[in-house]
Amino acid sequence: MFPKVLTTNNPSFVPMALSSSSSSLASTLPHDFNPQKLSFLSTLQTCKSIQGLKQIHASSIKTMPSPDTQLTISTRLSALCAQSLPIDPRYALPLLAQLRTPNLPLYNAIIRGLATSNNDSIEGLVVYKQMLSKGIVPDNYTIPFVLKACAESRAVREGEEVHGQAIKMGLASDVYVSNTLMRMYAVCDVIRSARKVFDSSPQRDLVSWTTMIQGYVKMGFAREGVGLFFEMCGENLQADGMTLVIVLSACARLGDLRLGRKLHRYVIRNSNVNLDVFVGNALVDMYLKCGDANFARKVFQEMPIKNVVSWNSMISGLAQKGEFKESLYMFRKMQRLGVKPDDVTLVAVLNSCANLGVLELGKWVHAYLDRNQIRADGFIGNALVDMYAKCGSIDQACWVFQAMNRKDVYSYTAMIVGLAMHGQGGKALDLFSEMPKMGIEPDEVTFVGVLTACSHVGLVEEGRKYFEDMSTIYNLRPQLEHYGCMVDLLGRAGLINEAEEFIRNMPIEPDAFVLGALLGACKIHGKVELGESVMKKIEKIEPRKDGAYVLMSNIYSSANRWRDSLKLRKAMKERNLEKTPGCSSIELDGVIHEFQKGDKSHPKTKEIYKLLDGSRAI
DNA sequence: TTAGGGTTAG
């Protein structure tokens with residue numbers, strides 16, 4: 001049942017001190033230390049540091065090899081180890097092998113040390129198993145440590161076994177045990193079991209409620225988490241900052257501003273909640289996700305202490321709201337104040353750069369990564385690929401993508417969509433065919449890229465097949481975007497009737513984008529009457545869709561129906577439907593300047609022209 | 001010697 005990763009006689013666990021020469025350690029021994037004297041044991045008793053004891057231990061192995069003396073030393077050492085938590089299991093484990101009598105505190109200390117280590121948590125279970133095999137009975141300290149090890153290593157089956165043992169030993173009613181049980185189940189995504197433990201706990205404290213609430217929120221049941229919070233309030237239990245951070249994050253997920261304001265009032269009124277940097281960050285994040293960027297700014301400005309997460313919440317929150325310029329402005333401010341950005345900051349900044357087309361700042365982030373020896377991998381690598389692709393540097397995007405060690409579905413998708421947008425459909429499809437070999441499953445967005453690639457290259461049959469494969473092979477339900485891509489694919493290829501038929505057979509109502517794709521096909525192939533009927537449908541669904549009016553007016557003018565074209569433009573004006581102007585932005589001296597098509601009003605226009613060498617129109 | 005916290009891409 002328990003994985004055999006570690007054994008106490010594993011040579012890798014021989015303590016450093018034991019393999020070192022005793023002469024090099026002699027200088028740090030107590031000055032009156034003489035292992036040959038009878039006072040040796042009393043020296044040992046008065047030695048308070050593990051380091052000193054380790055040295056005595058190492059020295060005594062050579063000078064006093066008597067088993068009894070060794071045992072005395074080991075016992076004393078183990079007691080000290082158990083007192084200084086967490087301990088290095090690599091040193092403490094061999095001691096266990098030397099002890100004649102079982103030592104529960106030392107086992108507890110070792111299991112805790114392993115459970116809290118990043119890579120060795122599963123070994124905590126192995127040591128626990130060894131402990132049981134030696135007939136040592138765990139106590140109310142052991143079980144939480146073992147359960148923590150289970151949670152960290154996602155070992156739910158082992159956790160269930162420990163649960164059973166805790167019940168048998170009468171430890172399951174201990175509030176620490178039940179709380180760690182809940183956490184173990186919640187971390188392992190077994191929310192029902194967590195709830196069962198919660199419901200059956202004879203004693204529930206704030207940690208019990210908070211753990212259960214967090215379990216719900218992490219599993220995506222934010223509403224249930226919030227519900228439990230109010231249930232807790234109903235039992236007259238006062239929440240603290242930790243609880244509020246979790247409930248605020250649930251509220252952010254729900255995007256419920258009313259609830260968010262209610263929670264903010266709770267924070268202000270409740271003396272139990274300390275408005276520290278954690279609660280402040282959670283409030284900023286909540287306000288942004290609930291759509292009140294101004295209040296988020298206010299909370300942010302009033303925070304007496306901010307950390308990098310506070311800045312990240314603002315920068316990424318604004319970017320998620322589509323306020324990319326504001327997001328970059330925040331980043332500039334953060335830099336001016338000398339706050340060091342982290343991965344999260346840079347991902348958000350790259351995202352804003354990608355959406356604004358600000359290549360220069362994007363390049364700066366890339367150079368920053370190089371300067372700080374941060375590998376462009378994972379989240380950062382994906383954001384960099386996306387930024388380069390969206391800013392028109394598809395070759396740079398490919399270069400970053402190729403250099404990445406850890407590629408996932410997001411990396412492939414960013415690259416496929418980028419290539420498709422740049423008219424390199426063939427390369428995009430080649431990359432898609434590479435995904436199964438790399439063991440990476442495509443998702444819905446990958447297929448948007450794949451279908452766009454087919455559409456741009458005119459691969460009708462391939463496009464049809466990929467569309468079919470979505471549901472038959474990959475178990476993905478096509479969304480409106482995919483239907484839009486298919487209509488575009490068929491329409492561009494001149495298969496207008498089939499495109500119409502395709503729309504008629506859609507299992508979901510077509511939106512303005514799907515119909516817009518058909519309208520685009522009418523423009524390419526000069527289908528005026530069909531265009532008119534499609535336009536009528538679009539007007540019904542989205543009466544203010546300016547792009548469709550412009551397209552229809554162009555269909556008229558292409559067919560030399562100038563009067564109709566002008567009539568439509570006039571109707572647009574009457575309805576106050578101005579065509580959304582083309583827009584570009586440029587960074588100059590660290591400031592993002594946005595220009596609309598034909599706009600020469602910006603005071604920096606002349607400078608920009610000079611910068612662009614007059615070769616590109618703004 | 002024991003349990004619960006925020007920000008991350010198409």
Side-chain angles (χ1 to χ4, degrees), chain A residues 81-87 104-113 115-116 139-148 151 171 174-184 186-187 205-215 217-218 239-249 252 276-286 288-289 307-317 319-320 342-352 354-355 378-387 389-390 408-418 421 443-449 481:
Chain A
C81 278
Q83 279 166 24
S84 77
L85 294 168
I87 58 168
L104 182 62
L106 184 57
Y107 264 113
N108 283 351
I110 291 172
I111 295 169
R112 186 198 169 190
T116 48
D139 65 5
N140 56 318
Y141 290 93
T142 324
I143 302 296
F145 295 147
V146 182
L147 289 170
K148 191 177 173 70
L171 294 170
D174 181 281
V175 72
Y176 282 87
V177 170
S178 58
N179 288 349
T180 39
L181 268 172
M182 279 187 326
R183 181 169 156 73
M184 183 274 295
V187 165
D205 61 7
L206 183 59
V207 178
S208 325
W209 286 89
T210 309
T211 306
M212 196 61 233
I213 293 168
Q214 194 196 24
V217 180
K218 283 229 159 129
D240 66 4
M242 281 207 200
T243 322
L244 257 300
V245 165
I246 294 163
V247 184
L248 282 166
S249 81
D276 59 9
V277 70
F278 286 96
V279 176
N281 291 346
L283 279 169
V284 168
D285 180 56
M286 179 278 292
L288 276 162
K289 298 234 169 83
N307 60 12
V308 66
V309 179
S310 326
W311 288 95
N312 291 348
S313 299
M314 279 307 293
I315 295 167
S316 64
Q320 273 165 24
D342 67 3
D343 292 17
V344 180
T345 328
L346 298 175
V347 167
V349 169
L350 285 170
N351 179 23
S352 293
N355 283 285
F379 262 87
I380 289 245
N382 295 345
L384 207 53
V385 168
D386 188 52
M387 181 279 295
K390 289 217 175 99
D408 59 11
V409 62
Y410 294 99
S411 337
Y412 273 89
T413 302
M415 202 61 244
I416 290 169
V417 172
M421 294 295 180
D443 66 10
E444 282 94 345
V445 189
T446 321
F447 275 98
V448 172
E481 295 97 304

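All chains are named by letter (A, B, ...) in the order of the sequence lines, taking the proteins before the strands, and each is independently numbered beginning at 1. What you are looking at is a predicted structure, and each value in this text was computed from that prediction instead of being measured.
Residue A/Q214 has no polar side-chain atom (N or O) positioned under 4.0 Å from OP1 or OP2 of B/dA3. For B/dT2, neither phosphate oxygen OP1 nor OP2 lies less than 4.0 angstrom from any side-chain nitrogen or oxygen of A/R183. Between B/dT7 and A/Q320, no contact under 4.0 Å exists linking OP1 or OP2 to a side-chain N or O.
In this entry the distance linking CG of A/N312 with C1' of B/dT7 reads 5 Å, nearest Å. The separation between A/W209 atom CH2 and B/dG5 atom P is 18 Å, rounded to whole Å. Here the P atom of nucleotide B/dA9 and the CD1 atom of A/I315 are 13 Å apart, to the nearest Å. Taking atom CD1 of residue A/I213 and atom C1' of nucleotide B/dG4, one finds them 10 Å apart after rounding to whole Å. The CG atom of A/D174 sits 13 Å away from the C1' atom of B/dT1 (whole-angstrom rounding). Rounded to whole Å, atom C1' of B/dA9 lies 17 Å from atom OH of A/Y412. Counting to the nearest Å, the P atom of B/dG5 and the CG atom of A/L283 are 18 Å from each other. Atom CE of A/M184 is separated from atom C1' of B/dT2 by 16 Å (rounded to the nearest Å).
Residues A/M421 and A/V417 meet the side-chain proximity criterion, which asks for heavy atoms closer than 4.5 Å.
Here A/V187 pairs with A/A151, A/R154, A/R183 under the side chain to side chain contact (heavy atoms under 4.5 Å, CB included) rule; sequence neighbours left out.
With hydrogens and angles left out, the side chain of A/T211 and the base of B/dG4 share no donor-acceptor pair within 3.5 Å. Taking 3.5 Å as the limit, the base of B/dG4 and the side chain of A/T243 contain a donor-acceptor pair of atoms between them. With hydrogens and angles ignored, a donor-acceptor pair under 3.5 angstrom links the side chain of A/D240 to the base of B/dG4. You'll find a donor-acceptor pair under 3.5 Å spanning the side chain of A/D443 and the base of B/dG10, going by distance alone.
Checking A/T345 against A/D342 by side-chain atom types alone, a donor-acceptor pair falls below 3.5 Å.
Checking side-chain atoms of A/D240 against main-chain N and O of A/T243 turns up a donor-acceptor pair under 3.5 Å.
The structure places CG of A/L283 at 10.5 Å from OG of A/S313, a figure rounded to the nearest 0.5 Å.
Evaluation of A/F379 against the base of B/dA9 yields a stacking contact (centre distance < 5.5 Å, interplanar angle < 30°). Remark: ring of A/Y176 does not overlap the six-membered base ring of B/dA3 in a stacked fashion, as centroids less than 5.5 Å apart with planes less than 30° apart are not both met.
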